[in-house]
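Below: the structure, in structure tokens.
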Amino acid sequence: MASTRSVLALGKFSSRERAELENVAGEAAFTMSFADAGAAPGWLASHSPDAVLLDESDAARSLCLEARAEARHAQVPMISLFHGVDDLSFAEAFSWGGDDAVDVRAQHGLVTRLRGLPKEPPAPPKNGRGTALIVDADRSRRIVLGRVLRNAGFTIEFAVSGEDALARVAQHAPGLVVAESHISESASALLAAARAQGSDATWIVRCPPKDLRAVRGEIEALGNATVTDGFAAAENVVFLANEFRRGGANDKRASRRLLYGTTVSFRSAGREADDHGYSYNVSLGGLYVRTLAPPEEDVVWIELQPPRCERRVRLEGSVVWRRKFGPSEGATVPPGFGVALSDATRRDMDAWRKGYEAFSQALGFAT
């Protein structure tokens, strides 16, 4: 007889919410356990849950971030529960290493996510893509970035200062360096010093959005380097690393894929209720949506706010591929689904096209 899978609900939940979560677990064939912030460390020390649900408290998320730092919990899917989800909900969930954000009242969405998780614990990452050096003084960000890059197939090293980074570049010869822009007085000077040591590693510099243009201009001139929003999800770094690995080629795409994050409402065509995910990248003809519950049917309706647009649009598309939860050295995206756009009102499709083109031009790409 197969062992029963377990899920931990971590935080403070009302009696009604506890009953609803127990019902969700039962429908998905999981057993449910509850622990508040005080009891959670002891519970996690003696148990290995197959999934974790978290309330909105900082205490719950801090505890799960610490769990992420342990190898035995690094690959456990963690879902943050909110009373309503929006862009801020997803940004918060991803910032501490969460895998999804769900409305605590959306029982069907939770059941679907739990049912879609792998029946067996994921195998350890293969770590066949070489060494990635993370240069950051903030331990929380190191944990989150380390998990994402390890699951993408990298062996991870850390540095906490510019001097430390140069020493580790010389010692480990990483193929990828991910550095915070404020780790030294000048990201370009640090990169130039690494180049002078003979390193040809790809560099991805994370910086505040207001500094993106200036830092990009400084480091891209040194070659094999780019910038990304330091407040965006850590998985964006994997996207950029994969783009460099491909040599920047467009693979005969009609348009460039651009990182863009916003809440996406989606449902299988003809269904009554929306679920919610978060966009990962967009192109003129489609987008990729992050979620632990990709739709099973092939035609979907989606609603979101396009880049550089002040209103939401409703679009129809075909699901061209899905990725379930779990590490994969060859994965180019987090769990979710890719959509090829096929239909919409003329007004909505024009808004999508104009928004994408304006966004692409603002990033310095021709359309």
Side-chain angles (χ1 to χ4, degrees), residues 79-80 82 84-94 98-103 105-113 115-116 232-233 235-236 239 253-325 331-360 367:
I79 302 171
S80 193
F82 294 87
V85 292
D86 55 19
D87 286 4
L88 182 59
S89 306
F90 283 100
E92 289 184 2
F94 298 148
D99 299 295
D100 211 341
V102 184
D103 191 322
R105 299 159 295 190
Q107 294 187 47
H108 177 72
L110 278 173
V111 170
T112 302
R113 282 160 175 78
R115 284 178 174 170
E235 285 81 0
N236 286 10
F239 173 88
R253 299 172 188 161
S255 61
R256 183 185 293 269
R257 292 176 184 170
L258 306 175
L259 288 168
Y260 174 66
T262 191
T263 303
V264 179
S265 302
F266 66 89
R267 68 173 85 173
S268 296
R271 300 296 183 179
E272 294 184 358
D274 282 331
D275 202 340
H276 297 89
Y278 198 71
S279 62
Y280 182 59
N281 60 50
V282 298
S283 67
L284 196 57
L287 71 158
Y288 189 85
V289 182
R290 291 191 66 172
T291 178
L292 294 182
E296 295 182 357
E297 298 180 26
D298 291 337
V299 180
V300 293
W301 294 338
I302 58 176
E303 183 179 298
L304 75 161
Q305 186 170 327
R308 302 293 173 121
C309 185
E310 296 182 354
R311 70 178 187 87
R312 295 175 70 81
V313 299
R314 195 80 175 179
L315 309 169
E316 181 175 292
S318 298
V319 178
V320 291
W321 66 298
R322 301 169 178 84
R323 190 196 159 207
K324 297 289 188 177
F325 177 85
T332 58
V333 289
F337 63 101
V339 179
L341 301 178
S342 57
D343 199 11
T345 65
R346 178 178 296 178
R347 183 175 182 231
D348 281 356
M349 191 59 82
D350 284 346
W352 175 263
R353 176 180 54 80
K354 291 177 181 177
Y356 171 83
E357 291 174 347
F359 186 47
S360 182
T367 57

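All residue numbers refer to positions in the sequence shown, counting from 1.
Of all non-hydrogen atoms in G317 and S342, the two that sit nearest each other are CA-OG, 3.6 Å. Annotation for L284 and L341: closest pair O-CD1, 4.3 Å, computed over non-hydrogen atoms. The two residues V282 and W352 come nearest to each other via the heavy atoms CG1-CH2, 3.8 Å. Closest approach of V313 to P306, counting heavy atoms only: CG2-CG, 3.7 Å. Shown here for A344 and M349, the closest heavy-atom pair between the two residues is CB-CE, 3.9 Å. Taking both residues in full, the closest heavy atoms of A232 and N236 are given as CB-ND2, 3.3 Å, listed atom of the first, atom of the second, then distance.
In this structure D298 satisfies the side chain to side chain contact (heavy atoms under 4.5 Å, CB included) test together with R322, sequence neighbours excluded. For D87, the side-chain hydrogen bond (donor to acceptor under 3.5 Å, both in side chains) partners at least two apart in sequence or on another chain are T262, T263. Applying the ring pair (Phe, Tyr, Trp, His ring centres under 6.0 Å) criterion to Y260, with sequence neighbours excluded, gives F359. The salt bridge (charged side-chain N to carboxylate O under 4.0 Å, His left out) test applied to D350 returns R353, not counting sequence neighbours. Listed by chain and residue number, D103 satisfy the salt bridge (charged side-chain N to carboxylate O under 4.0 Å, His left out) test with R105 (two or more places apart in sequence, or in another chain). A search for salt bridge (charged side-chain N to carboxylate O under 4.0 Å, His left out) contacts involving E297 returns R271, not counting sequence neighbours. For the side chain to side chain contact (heavy atoms under 4.5 Å, CB included) test, residues two or more places apart in sequence or in another chain that qualify with S283 are S255, R257. Listed by chain and residue number, nothing satisfies the salt bridge (charged side-chain N to carboxylate O under 4.0 Å, His left out) test with R115 (two or more places apart in sequence, or in another chain). Scanning for ring pair (Phe, Tyr, Trp, His ring centres under 6.0 Å) contacts around F266 gives F337, with sequence neighbours left out. By the side chain to side chain contact (heavy atoms under 4.5 Å, CB included) test, A269 is found to be paired with V299, W301, residues two or more places apart in sequence or in another chain being considered.
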- prompt: How far apart are the C-alpha atoms of D274 and E303, what are their side-chain angles, what is the distance that settles it, and do they pass the side-chain contact (heavy atoms from CB on, under 4.5 Å) test?
  reply: CA-CA 9 Å; D274 282 331; E303 183 179 298; 5.5 Å; no
message: L287 vs I302, test: side-chain contact (heavy atoms from CB on, under 4.5 Å). Steps then yes/no.
response: CA-CA 10 Å; L287 71 158; I302 58 176; 3.3 Å; yes
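Taking CZ of F82 as the start and CG of L88 as the end, the distance is 7.5 Å to the nearest 0.5 Å. Atom SG of C309 is separated from atom NZ of K354 by 10.0 Å, given to the nearest 0.5 angstrom. Note that the CZ atom of R312 and the OG atom of S265 stand 4.5 Å from one another [nearest 0.5 Å]. In this structure, NE2 in H276 is found 10.5 Å from OG1 in T291, a value given to the nearest 0.5 Å. The CG atom of D100 sits 4.5 Å away from the CG atom of L292 when rounded to the nearest 0.5 Å.
A heavy-atom distance below 4.5 Å is not found between the side chains of P335 and D99. Using a 4.5 Å heavy-atom threshold, the side chains of Y278 and V85 count as separate.
R256 places no side-chain N or O within donor-acceptor distance of the main-chain N or O of S360, the cut-off being under 3.5 Å.
When the options V300, V339, L304 are evaluated for a side chain to side chain contact (heavy atoms under 4.5 Å, CB included) with V264, the one that passes is L304.
Sorted by first and then second residue, the salt bridge (charged side-chain N to carboxylate O under 4.0 Å, His left out) pairs with a member in residues 334-348 read R311-D348; sequence neighbours excluded. Applying the salt bridge (charged side-chain N to carboxylate O under 4.0 Å, His left out) rule to pairs touching residues 280-291 yields E235-R290, sequence neighbours excluded.
Taking the six-membered ring for Trp and thresholds of 30 and 60 degrees, W321 and Y288 have ring planes inclined between 30 and 60 degrees apart.
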